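Here's the structure, in structure tokens; my notes come after.
As a basis for the values below, the full set of heavy atoms in this structure was taken, side chains included, without hydrogen atoms, waters or symmetry mates. Everything numeric here is computed off the predicted structure, so don't read it as measured data.
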Amino acid sequence: GGASFRVENAERVQGAHPFYAGRILMASGEPHLRDGGCQNHQVCDPELARALRPLLAPPCFAPPFNALGVSTICDVDMPNELALQIACLLDVGSLDALAGASTSWRAVSRAKEVEEALVRRWCAAATPEATRLDARSLCRSFERLTLAAAACEDGWDAVLWQAAALGCIHGVLLALERGARLEFSGGRREGTALWCAAKFDQVEVVALL
């Protein structure tokens with residue numbers, strides 16, 4: 001019956017011993033979690049595990065950006081070069097709202113330069129190429145991870161440790177950017193984030209750390 005549980009239902013056992021939280025995560029089908037022994041304790045915070053799952057942004061198709069064009073908002077014409085500079089300062093929510101203003105503003109808000117600036121403010125190393133996530137999905141995931149880290153007793157150290165267990169590249173990169181300690185083990189006997197990644201065959205995380 002345990003295999004029917006999903007990590008999204010982990011709130012049903014809030015306050016349970018970490019062992020049982022780990023069992024729920026194993027039952028959710030995560031390939032890196034193996035049955036048996038102390039491995040059940042490798043991921044023991046359901047909230048962090050949920051936050052480390054990528055929060056995918058809905059697709060938004062936009063026409064090519066024309067740097068020589070003009071975008072209009074509130075009856076004011078603005079050169080696209082100036083509009084691009086403004087868009088590079090906005091967060092992901094504001095850019096999504098801007099994309100709905102008009103076709104020309106959608107092209108501005110989805111320009112490559114804007115998306116690069118959006119990710120760079122969070123973590124310069126967490127490129128879409130490195131994480132296999134688009135810029136908007138990365139930033140939405142980073143927002144959720146930041147809230148989870150603030151609510152966790154061990155903060156970014158715990159994020160790094162559990163991201164290593166899950167093989168979550170974007171979580172590892174953001175935690176390192178925020179100053180997570182590589183030597184952190186949370187008092188567990190299992191070891192550091194690098195040890196944890198190696199134990200669960202998270203080759204990309206091992207190479208990164």
Review point. Could you go step by step and tell me if Leu56 and Arg136 meet the side chain to side chain contact (heavy atoms under 4.5 Å, CB included) rule?
Key: CA-CA 8 Å; Leu56 301 180; Arg136 289 163 60 235; over 6 Å; no

Exercise for review: Evaluate side chain to side chain contact (heavy atoms under 4.5 Å, CB included) for Val159 paired with Arg178, printing each intermediate quantity in order.
Suggested key: CA-CA 10 Å; Val159 173; Arg178 295 296 185 268; over 6 Å; no

Exercise for review: Apply the test side chain to side chain contact (heavy atoms under 4.5 Å, CB included) to residues Glu204 and Val172: give CA-CA distance (whole Å), side-chain angles for both, the deciding distance (0.1 Å), then the verdict.
Suggested key: CA-CA 11 Å; Glu204 290 182 273; Val172 170; over 6 Å; no

**Study point:** Leu182 vs Leu194, side chain to side chain contact (heavy atoms under 4.5 Å, CB included): CA-CA, chis, key distance, verdict
**Key:** CA-CA 8 Å; Leu182 290 172; Leu194 176 58; over 6 Å; no

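Taken together through direct or relayed side-chain contacts under 4.5 Å among Ile, Leu, Val, Met, Phe, Trp and Tyr, Leu89 and Leu98 form parts of separate hydrophobic clusters. With hydrophobic clusters built from ILVMFWY side chains whose heavy atoms lie under 4.5 angstrom apart, Leu160 does not share a cluster with Phe184. Linking Ile, Leu, Val, Met, Phe, Trp and Tyr whenever their side-chain heavy atoms come within less than 4.5 Å leaves Leu52 and Leu176 in two separate clusters. Both Leu173 and Val205 are assigned to one and the same hydrophobic cluster, defined by single-linkage of ILVMFWY side chains at heavy-atom distances under 4.5 Å. Under the 4.5 Å side-chain contact rule for hydrophobic residues, Leu118 and Leu90 share a cluster.
Here the shortest heavy-atom pairing between Gln162 and Ala49 reads OE1-N, 4.3 Å. Minimum heavy-atom separation, Ser185 to Gly191: CB-O, 3.1 Å. Across all their heavy atoms, Pro64 and Ala107 have their closest contact at O-CB, 3.9 Å. When every heavy atom of Cys123 is checked against every heavy atom of Phe142, the shortest pair comes out as CB-CE1, 4.4 Å.
Taking 4.5 Å as the limit, some side-chain heavy atom of Ile86 sits within range of a side-chain heavy atom of Met78. Taking the side chain as every heavy atom from C-beta outward, Trp156 and Leu174 approach each other to under 4.5 Å. Inter-residue side-chain proximity for Val206 and Asp201 is flagged as unmet; no heavy-atom pair is nearer than 4.5 Å. Between Val119 and Thr127 there is no side-chain heavy-atom pair separated by less than 4.5 Å. Arg144 has its side chain within reach of Arg53: a pair of non-hydrogen atoms, C-beta onward, lies under 4.5 Å apart.
Under the 4.0 Å criterion applied to side-chain N and carboxylate O atoms, Arg50 and Glu47 are assigned as salt-bridge partners. Under a 4.0 Å N-O distance rule, the pair Arg110/Asp96 qualifies as a salt bridge.
Here the CZ atom belonging to Arg121 is positioned 7.5 Å from the CG atom belonging to Asp91, to the nearest 0.5 angstrom. The line from CG of Asp157 to OG1 of Thr192 is 12.0 Å long, rounded to the nearest 0.5 Å. Atoms CD and OG1, from Glu143 and Thr146 in turn, are 7.5 Å apart once rounded to the nearest 0.5 Å. Atom CH2 of Trp122 sits about 10.5 Å away from atom OG of Ser141, to the nearest 0.5 Å. In this structure, CD1 on Ile169 lies 11.5 Å from CG on Leu138, to the nearest 0.5 angstrom. Taken to the nearest 0.5 Å, the CG atom of Asp154 stands 9.5 Å off from the CG atom of Leu48.
Within a 6.0 Å radius of CD in Glu116, more than 12 heavy atoms belonging to other residues, nucleotides or ligands are found. Counted within 6.0 Å of CD on Glu113, heavy atoms from surrounding residues, nucleotides or ligands total more than 12; the atom is thus considered enclosed.
The backbone N or O of Ala165 sits less than 3.5 Å from a side-chain atom of Gln202, completing a donor-acceptor pair. Judged purely by atom type and a 3.5 angstrom limit, Ser109 uses its side chain to pair as donor or acceptor with the backbone of Trp105. Not one N or O on the side chain of Ser137 forms a donor-acceptor pair closer than 3.5 Å with the backbone of Leu133.
Residues that satisfy the side chain to side chain donor-acceptor pair (under 3.5 Å) test with Arg106, not counting sequence neighbours, are absent from this structure. Partners of Arg120 under the side chain to side chain donor-acceptor pair (under 3.5 Å) rule, at least two apart in sequence or in another chain, do not exist in this structure.
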